Amino acid sequence: MSERKVRVRFAPSPTGPLHIGGVRTALFNYLFAKKHGGDFLLRIEDTDQTRYVPGAEDYIQEALAWCGISIDEGPKQGGPFAPYRQSERKALYLNYAEQLLQSGYAYYAFDTPEELDEARNTAESKGETFTYNALSRGQMKNSLSLPESAWKEMVSSTHYVVRFKMPDNLDVTEIDLIRGSVTFNTSLLDDKVLFKSDGMPTYHLANVVDDHLMDISHVIRGEEWLPSMPLHVLLYRAFGWEDTMPRFTHLPLILKPTGKGKLSKRDGDKLGFPVFPLLWRDSETGETSRGYREDGYFPDSFINMLALLGWNPGTEQEIFSMDELIHAFSLERVGKSGARFDPEKTKWFNHQYFVKKSDEELGALLLPFLADKGIHANPDMVAKVCGMVKERCNFVSEIWDQSYFLFAPPTSYDEKIVSKRWKDDVPAIMIEIAGFLETIEQWKAPTIKEPFSAFVTSKGWNFGTVMNSLRLCLVGGSFGPDIFEICEIIGKSETIFRIKKAISALNK
RNA sequence: GGUCUGUUCAUCUAAGGGUUAGGAUUCAAGAUUUUCAUUCUUGCCAUAGGGGUUCGAAUCCCCUACAGACUACCA
């Protein structure tokens with residue numbers, strides 16, 4: 001058993017864009033597989049045609065690719081267990097349902113949705129919950145309650161479903177790799193539908209059959225699946241597959257940053273952060289949802305953040321490359337309780353990756369951004385600019401906010417700073433400063449700074465006044481890199497031009 | 001309602017019977033940067049409550065509270 005090759009699957013249904021909770025599930029599966037030298041498969045669970053959303057499957061593939069989660073076997077990449085799309089495996093499932101029917105672990109049921117609703121409503125009006133199980137199945141329309149001739153006739157003439165015959169009052173105990181032993185009593189469980197009247201299996205049947213057929217060794221999925229674990233275990237037993245049954249692990253949920261409940265799309269809209277890896281445009285409503293990629297997050301930063309949400313290495317290391325994650329990962333170190341999502345920490349992670357990038361890398365990312373604004377600057381100069389301001393940024397887009405004045409003169413002056421710095425004596429001083437700068441030959445930051453400082457001192461001016469006013473002229477506000485660096489970048493004539501421009505613009 | 005799972009600073013978490021309960025994010029203060037940001041230092045802040053077991057409990061057990069998931073011919 002312990003020799004078995006690790007094979008895990010990520011099995012989303014293509015009903016919309018992949019949520020970050022789903023990405024994390026995929027990531028943990030991937031890390032676990034790679035840690036043990038195993039395979040990571042993608043299987044599309046599209047057994048519900050009514051919920052099929054065009055583009056969702058492509059989105060899932062693209063999102064995983066962006067994250068650096070590579071798929072060993074899947075619908076696009078193929079593999080020895082193809083097809084990997086359940087709708088394409090449709091023909092298979094009926095045989096397995098019939099196997100259960102023949103061995104007495106399942107039965108035909110003919111209750112219409114209306115009849116089931118009615119049963120639920122009657123129970124509810126009595127303050128009870130209707131459960132299709134050993135106690136009630138005798139009163140329903142199925143192959144256990146009806147005479148054989150009657151139900152056989154119905155099987156051929158009407159729609160039917162196949163239900164699992166849940167044993168009465170049996171304790172089912174199974175080990176969850178992060179929670180330990182979990183026990184359920186079957187008397188509280190219902191006779192789940194395994195095969196729908198439209199000819200498709202339900203999730204329960206399809207996932208067990210496929211996991212078995214695809215030789216899956218570990219099922220790692222969200223906590224919302226924990227209640228259906230006993231059903232799945234019982235299915236493995238019914239099929240006689242218990243000796244190769246995968247080990248189960250249920251991951252804790254990702255919760256809203258504030259308030260209660262699990263993270264939803266709404267929270268992102270409300271609090272202003274993405275809940276999807278990639279931008280998503282709903283083809284029906286035309287509505288778009290932000291994505292981490294488009295918001296300027298780096299995939300490795302995004303993955304790093306996600307990995308630490310619910311898992312920790314037991315050391316104080318926080319920055320991990322994918323390879324380091326693979327090396328350090330273990331299911332035992334995944335927490336049991338839900339983790340509240342923190343958009344602030346996500347930004348912090350991005351900042352860590354941001355400042356680690358070389359000036360040239362950032363420059364290359366900024367270039368197209370500048371081109372959009374009609375600015376075509378020298379790549380060397382752009383790289384230098386990135387180096388000057390990257391400490392103050394979390395995203396590429398913020399480089400522009402911190403450096404636009406290096407590409408063009410300020411178009412406005414921050415009013416607060418003007419009233420604070422632009423005193424009556426300042427214009428006269430600035431005129432003298434401009435005149436002095438005119439005399440400087442060597443236009444480099446250090447060679448400007450030295451004579452400049454001497455000049456200001458000799459005049460007896462307050463250094464802070466001069467510097468802050470000069471910054472206002474060149475930048476339009478009170479921020480940005482070293483003032484002499486700015487002078488060097490924009491050049492001598494531009495520096496003097498901006499001083500004069502500011503004097504006339506601020507002359508009241 | 002029922003079943004299952006969970007509960008350590010505001011947030012992510014460490015400490016798998018013995019530490020002044022540690023780190024990170026956020027926030028606040030100070031230093032540096034004659035700007036802003038960075039950086040550095042410091043500070044604030046937690047074992048849900050109650051019972052046991054034990055020489056000793058965040059850790060083991062029970063009860064309560066709270067939270068979440070599930071309870072479809074959806075996954």
Side-chain angles (χ1 to χ4, degrees), chain A residues 11-15 45-48 50-51 86 109 111-113 116-117 120 124 127-132 159-163 176 178-180 182-185 187-190 192-204 206-207 221-230 250 252-253 255-258 260-262 305 308-318 332-333 335-349 351 355 389-394 398 402 417 420-421 453 462-472 475 477-483:
Chain A
S13 64
T15 53
E45 309 235 326
D46 54 352
T47 51
D48 184 357
T50 62
R51 295 210 308 160
Q86 287 183 330
D111 315 277
T112 64
L116 289 168
D117 274 348
R120 288 192 190 97
E124 203 173 319
E128 293 162 6
T129 312
F130 172 74
T131 312
Y132 208 122
H159 288 299
Y160 64 84
V161 299
V162 176
R163 284 185 182 268
D176 176 290
I178 67 186
R179 276 155 228 282
V182 183
T183 301
F184 297 83
N185 187 287
S187 56
L188 286 330
L189 270 25
D190 61 346
K192 276 272 176 296
V193 170
L194 301 178
F195 198 82
K196 300 185 275 186
S197 57
D198 65 358
M200 280 294 227
T202 61
Y203 167 81
H204 301 293
N207 119 83
R221 80 238 285 200
E223 192 182 338
E224 65 268 28
W225 293 110
L226 192 52
S228 53
M229 182 166 74
H250 295 89
L253 267 12
L255 276 14
K256 299 172 182 295
T258 57
K260 306 162 191 259
K262 64 174 179 182
M305 175 279 293
L308 264 341
L309 209 55
W311 170 83
N312 81 84
T315 65
E316 284 179 3
Q317 183 178 354
E318 292 203 277
E332 293 72 50
R333 294 210 67 91
K336 294 179 174 67
S337 52
R340 195 158 269 187
F341 184 71
D342 183 358
E344 284 306 316
K345 190 129 188 187
T346 310
K347 278 187 199 158
W348 178 83
F349 272 111
H351 180 78
V355 297
V389 302
K390 70 179 179 186
E391 286 288 354
R392 345 168 122 67
C393 303
N394 298 322
E398 290 178 352
Q402 291 294 331
I417 307 302
K420 186 176 172 190
R421 300 293 184 192
S453 306
N462 178 292
F463 222 96
T465 306
V466 176
M467 295 299 283
N468 287 303
S469 306
L470 179 55
R471 176 176 294 279
L472 180 62
V475 173
S478 172
F479 63 93
D482 180 81
I483 202 93

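On a predicted model such as this, the values are computed, not experimentally measured, just so you know. Lettering follows sequence order; numbering is per chain, from 1.
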Nearest-angstrom distance, P atom, B:U11 to B:U26
16 Å
Would you kindly give the NZ-to-C1' distance between A:Lys336 and B:U13, to the nearest whole Å?
14 Å
For A:Val182, answer base if it contacts any base atom (sugar-phosphate contacts may also be present), sugar-phosphate if it contacts only those atoms, and nothing otherwise; contact means non-hydrogen atoms under 4.0 Å.
sugar-phosphate
Between A:Leu309 (CG) and B:C12 (P), how many Å, whole number?
8 Å
Under a 3.5 Å limit on both distances, the Watson-Crick or wobble mate of B:A28 is B:U42
Looking at A:Asp46 and A:Gln86, would you say the former's side chain and the latter's main chain have a donor-acceptor pair under 3.5 Å?
yes
Classify the nucleic acid contact of A:Pro481 as base, sugar-phosphate or nothing, counting any heavy atom under 4.0 Å across all strands shown.
base
Taken to the nearest whole Å, CD1/A:Ile417 to P/B:C36 is 9 Å
Using modelled atom types only, decide if a donor and an acceptor are shared between the side chain of A:Asp176 and the backbone of A:His250 within a distance under 3.5 Å.
yes
With sugar-phosphate taken as primed atoms, P, OP1 and OP2 and all else as base, the protein-contact string of nucleotides 65-75 of chain B at under 4.0 Å (heavy atoms; B, S, -) is --SSSS-SBBB
Taking only side-chain N and O atoms of A:Asn468, does any of them lie within less than 4.0 angstrom of OP1 or OP2 on B:U35?
no
Counting the atoms with a prime plus P, OP1 and OP2 as sugar-phosphate, which does A:Asp482 contact under 4.0 Å by heavy atoms, base, sugar-phosphate, or nothing?
base
Tell me the closest heavy-atom pair linking A:Pro227 and A:Phe184, and the distance in Å.
CA-CE2, 4.2 Å
Separation of B:G1 atom P from A:Glu128 atom CD, nearest Å, is 15 Å
Pairwise P distance for B:G52 and B:U59, with rounding to whole Å:
14 Å
Mate of B:U3 across any strand shown (Watson-Crick or G-U wobble, both atom pairs under 3.5 Å) is B:A69
Which part of the nucleic acid, if any, lies within reach of A:Gly310 when heavy atoms closer than 4.0 Å are counted: base, sugar-phosphate only, or nothing?
sugar-phosphate
For B:A46 versus B:G23, give the span between their C1' atoms, rounded off to a whole number of Å.
14 Å
Generate the contact string for nucleotides 18-28 of chain B. Rules: B means base contact, S means sugar-phosphate contact only, - means no protein heavy atom under 4.0 Å.
----SSBS---
Euclidean distance for C1', B:U47 against B:C4 (whole angstrom):
25 Å
Determine the interatomic distance between P on B:U8 and the same-named atom on B:C60; round to the nearest Å.
14 Å
Identify the nucleotide, in any strand shown, that forms a Watson-Crick or G-U wobble pair with B:U8, with both distances under 3.5 Å; if there is none, say none.
none
Closest to the A:Arg340 side chain: B:A37, B:U11, B:U5?
B:U11
What does A:Arg333 touch in the nucleic acid at a heavy-atom separation under 4.0 angstrom: a base, only the sugar-phosphate, or nothing?
sugar-phosphate
Using the P atom as the point on both nucleotides, what is the distance between B:C9 and B:C45, in whole Å?
14 Å
Base paired to B:C55 (Watson-Crick or G-U; both N/O distances under 3.5 angstrom)
B:G18
Partner of B:U33 by Watson-Crick or G-U wobble geometry, both contacts under 3.5 Å, or none?
none
Within the distance-only criterion (no hydrogens, no angle test), does the side chain of A:Lys192 pair as donor or acceptor with the backbone N or O of A:Thr202 below 3.5 angstrom?
no
Nearest whole Å is fine: how far is B:U13 C1' from A:Met305 CE?
16 Å
Kindly write out the residues that satisfy ring-ring contact (aromatic ring centres under 6.0 Å, His included) with A:Phe479, not counting sequence neighbours, or none if the list is empty.
A:Phe405
Over how many whole Å does the gap from A:Arg392 atom CZ to B:C36 atom C1' extend?
6 Å
Considering only atom C1', compute the distance from B:C70 to B:U64 and round it to an integer number of Å.
23 Å
With both distances under 3.5 angstrom, what nucleotide forms a Watson-Crick or G-U wobble pair with B:A48?
B:U64
Partners meeting side chain to side chain contact (heavy atoms under 4.5 Å, CB included) with A:Thr183 (sequence neighbours left out)
A:Asp171, A:Thr173, A:Ser181
Within the 4.0 Å heavy-atom criterion, would you say A:Arg471 contacts the bases, only the backbone, or no part of the nucleic acid?
base
Of A:Pro257 and A:Gly314, the one whose closest nucleotide on RNA chain B sits nearer the 5' end is A:Pro257
Take atom NZ in A:Lys256; do more than 12 heavy atoms of anything else shown fall under 6.0 Å from it?
yes
Can A:Glu318 and A:Lys345 be counted as an ion pair, charged N to O under 4.0 angstrom?
yes
Test ring-ring contact (aromatic ring centres under 6.0 Å, His included) applied to A:Phe130 - qualifying residues, sequence neighbours left out
none
Give the rounded distance in Å between these two atoms: NE2 of A:His250 and C1' of B:G6.
15 Å
Other residues, nucleotides, ligands: >12 heavy atoms within 6.0 Å of A:Glu124 CD
no
Send over the distance from A:Phe479 CZ to B:U33 C1', rounded to a whole Å.
17 Å
Please report the C-alpha distance between A:Phe341 and A:Thr346 in whole Å, then the side-chain angles of each, then the deciding distance to 0.1 Å, and finally whether the side chain to side chain contact (heavy atoms under 4.5 Å, CB included) criterion is met.
CA-CA 9 Å; A:Phe341 184 71; A:Thr346 310; 3.5 Å; yes
Given the C1' atoms of B:A15 and B:A58, what is the spacing between them in whole Å?
9 Å
Sorted by chain and residue number, the ring-ring contact (aromatic ring centres under 6.0 Å, His included) partners of A:His204 (sequence neighbours excluded) come out as A:His232
